[in-house]
Protein chains: 2
Amino acid sequence: MLKEIDNLEKYLRDAGIKPSIQRLKIFEYLVGSNSHPTVESIYSALSSQIPTLSKTTVYNTLKLFQQQGIVIIINIEDNETRFDADISYHGHFKCTVCKEVKDFPIPKHEQIEALDGHDISESHFYIKGICAKCKELNK
Amino acid sequence: MLKEIDNLEKYLRDAGIKPSIQRLKIFEYLVGSNSHPTVESIYSALSSQIPTLSKTTVYNTLKLFQQQGIVIIINIEDNETRFDADISYHGHFKCTVCKEVKDFPIPKHEQIEALDGHDISESHFYIKGICAKCKELNK
DNA sequence: GTATCTGCAAAACATTTGCAATTCT
DNA sequence: AGAATTGCAAATGTTTTGCAGATAC
């Protein structure tokens with residue numbers, strides 16, 4: 001699932017996105033992190049490397065990435081929007097204790113009869129609970 | 001799935017919620033509507049009936065309902081929080097044309113192996129696309 | 001009469017917009 | 001130079017908080 005750092009520039013170009021430094025760094029951060037970061041955490045993480053970076057650019061860039069189909073939005077909580085550069089079909093689990101959001105594979109699910117006749121463009125599966133690690137610590 | 005209007009007061013009491021007029025009306029609206037309303041639409045719909053109603057009360061009440069487990073939050077879009085008084089296991093489909101959010105039944109899903117050892121407290125399945133009605137109109 | 005609940009006003013956040021400065025070609 | 005991109009500052013929108021008044025028991 002992990003993309004090659006070497007190919008990031010080409011990957012952006014192929015998606016119709018001119019790879020500016022800001023865009024490259026933001027995408028690199030998304031690909032390299034497995035934390036499904038928010039705008040805030042992307043901005044904090046990169047502003048030391050790119051001191052002039054603004055949140056507006058982070059917002060603009062993520063919107064562009066989303067429009068060009070190279071990132072998806074994760075709405076697992078109503079008060080935080082997260083982003084994921086892994087656009088393959090998978091679910092997201094958030095631990096309510098350690099707050100981490102992890103991917104999990106979903107079996108390509110059976111046809112949902114109730115949606116016959118509808119065109120499906122996007123689907124998201126979110127699960128919340130307590131992860132094994134946090135369960136263990138609280139014993 | 002539809003609850004009896006006669007029982008709403010008891011339903012709230014049983015959930016540990018004192019049924020004030022505001023709370024009753026808000027819950028009645030949630031149960032009676034199949035539109036999965038936002039704070040804004042609940043407020044607009046009820047402020048003619050309860051002219052002194054404030055949005056703060058709508059926010060307070062919905063948070064209380066959620067804490068007591070009688071409503072769930074629907075985060076199908078990042079820019080709108082919707083509420084549902086149907087707390088049974090079901091999915092939500094949003095049509096990107098008519099903007100309607102509809103319920104759909106999901107087969108009680110198979111054990112997800114990747115989540116073995118984790119405690120699941122909540123799960124949401126969101127699908128977006130174009131509903132059959134809108135597809136038909138655009139032919 | 002004490003607790004709780006409500007609702008106004010202000011504060012806190014998150015996101016968007018307008019526009020001028022910068023960068024790229 | 002011309003077009004696209006960036007980033008500041010202000011505007012917008014949503015949700016929360018503090019607190020005073022109203023209501024319920």
Side-chain angles (χ1 to χ4, degrees), chain A residues 8-10 12-13 15-30 36-68 70-83 99 101, chain B residues 8-10 12-13 15-30 36-68 70-83 99 101:
Chain A
L8 284 188
E9 196 161 331
K10 178 177 188 326
L12 291 186
R13 280 195 203 285
I17 296 163
K18 278 190 208 167
S20 69
I21 295 188
Q22 289 85 346
R23 289 168 177 178
L24 267 171
K25 290 285 183 190
I26 292 171
F27 194 65
E28 182 186 340
Y29 184 73
L30 277 169
H36 310 89
T38 61
V39 165
E40 187 59 38
S41 54
I42 296 168
Y43 175 73
S44 326
L46 296 182
S47 54
S48 55
Q49 286 182 58
I50 313 169
T52 62
L53 184 66
S54 77
K55 266 190 201 173
T56 303
T57 298
V58 180
Y59 276 107
N60 288 342
T61 301
L62 291 168
K63 177 163 284 179
L64 178 66
F65 287 175
Q66 190 211 344
Q67 285 165 348
Q68 300 304 108
I70 64 168
V71 306
I72 54 171
I73 292 185
I74 302 174
N75 283 322
I76 196 166
E77 297 282 6
D78 58 316
N79 57 352
E80 62 179 29
T81 302
R82 291 168 175 266
F83 297 86
K99 313 297 184 197
V101 176
Chain B
L8 285 188
E9 195 162 332
K10 177 177 186 330
L12 292 185
R13 279 194 204 285
I17 296 163
K18 278 190 208 169
S20 69
I21 295 186
Q22 289 87 343
R23 291 168 176 178
L24 268 171
K25 288 287 183 189
I26 291 170
F27 194 66
E28 182 186 341
Y29 184 74
L30 277 169
H36 310 88
T38 61
V39 164
E40 186 59 40
S41 56
I42 295 169
Y43 175 73
S44 326
L46 296 181
S47 54
S48 55
Q49 287 181 57
I50 313 170
T52 62
L53 183 67
S54 77
K55 267 189 200 172
T56 303
T57 298
V58 180
Y59 276 105
N60 288 341
T61 301
L62 291 168
K63 175 162 284 178
L64 178 67
F65 286 175
Q66 191 212 343
Q67 285 164 347
Q68 300 304 109
I70 64 167
V71 305
I72 54 170
I73 291 185
I74 302 174
N75 283 323
I76 196 166
E77 297 282 7
D78 58 317
N79 58 352
E80 62 180 29
T81 303
R82 291 169 175 265
F83 297 86
K99 313 297 183 196
V101 176

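The sequence lines fix the lettering, A, B, ..., with proteins before strands; numbering per chain opens at 1.
As judged by a 4.0 angstrom heavy-atom cut-off over every strand, B:Glu40 is placed among residues making no nucleic acid contact. Counting any heavy atom pair closer than 4.0 Å across all strands shown, A:Lys55 reaches no nucleic acid atom.
Distance, A:Arg13 CZ to C:dT25 C1': 12 Å, rounded to whole Å. Atom CG in A:Leu24 sits about 17 Å away from atom P in C:dT23, given to the nearest Å. The separation between A:Leu12 atom CG and C:dC24 atom P is 16 Å, rounded to whole Å. Straight-line distance from the CG atom of A:Asn75 to the P atom of C:dA14: 15 Å, rounded to whole Å. One can place CD1 of A:Ile50 at 14 Å from P of C:dT23, the figure rounded to the nearest angstrom. Counting to the nearest Å, the P atom of D:dT14 and the CZ atom of B:Arg82 are 13 Å from each other. Going from atom CG of A:Leu62 over to atom P of C:dA14 covers 15 Å, rounded to whole Å. Spacing between atom CG of B:Leu64 and atom C1' of D:dT16 amounts to 16 Å, rounded to whole angstrom units.
Note that CG of B:Asn60 is 9.0 Å distant from CG of B:Leu62, once rounded to the nearest 0.5 Å. Separation of atoms CG (A:Leu30) and CZ (A:Arg82) is listed at 12.0 Å; rounding is to 0.5 Å.
In a base pair of the Watson-Crick type (N1 to N3 plus N6-O4 or O6-N4) or a G-U wobble (N1-O2 and O6-N3), with each distance short of 3.5 Å, D:dT23 is matched with no nucleotide. Checking C:dA3 for Watson-Crick or G-U wobble geometry (two distances, each under 3.5 Å) identifies no partner in any strand.
In the set D:dT5, D:dT15, D:dT16, D:dT15 carries the atom at the smallest distance from any side-chain atom of B:Val39. Comparing D:dT6, D:dT15, C:dT16 by their nearest atom to the side chain of A:Tyr59 picks out C:dT16. For A:Arg23, the listed nucleotide lying nearest its side chain is D:dT5; candidates were C:dG7, D:dT5, C:dT4.
Side-chain contact between B:Asn75 and B:Thr81: present, with at least one pair of heavy atoms (C-beta onward) separated by less than 4.5 Å. At least one side-chain heavy atom of B:Phe65 sits less than 4.5 Å from a side-chain heavy atom of B:Ile26.
One finds a side-chain N or O of B:Lys63 lying less than 4.0 angstrom from the OP1 or OP2 phosphate oxygen of D:dT16. Remark: B:Thr56 is not in phosphate contact with C:dT6, judged by side-chain N or O atoms under 4.0 Å from OP1 or OP2. Applying the 4.0 Å criterion to OP1 and OP2 of C:dT23, one finds that A:Ser20 has every side-chain N and O outside that range. An OP1 or OP2 oxygen of D:dG7 is reached within less than 4.0 angstrom by a side-chain nitrogen or oxygen of A:Gln22.
The nearest heavy atom of DNA chain C to B:Leu53 and to A:Glu80 marks one nucleotide each, and the one closer to the 5' end goes with B:Leu53. Between B:Asn60 and A:Thr61, it is A:Thr61 whose nearest contact on DNA chain D lies nearer the 5' terminus. Nearest-nucleotide positions on DNA chain C place B:Ser54 closer to the 5' end than the other of B:Ser54 and B:Asp78.
In D:dA3 the O4'-C1'-N dihedral to the base is more than 90° from 0, which defines an anti nucleotide.
The backbone N or O of B:Pro19 lies less than 3.5 Å from no partner atom in the side chain of B:Arg13, so there is not a single donor-acceptor pair.
Checking A:Thr38 against A:Ser41 by side-chain atom types alone, a donor-acceptor pair falls below 3.5 Å.
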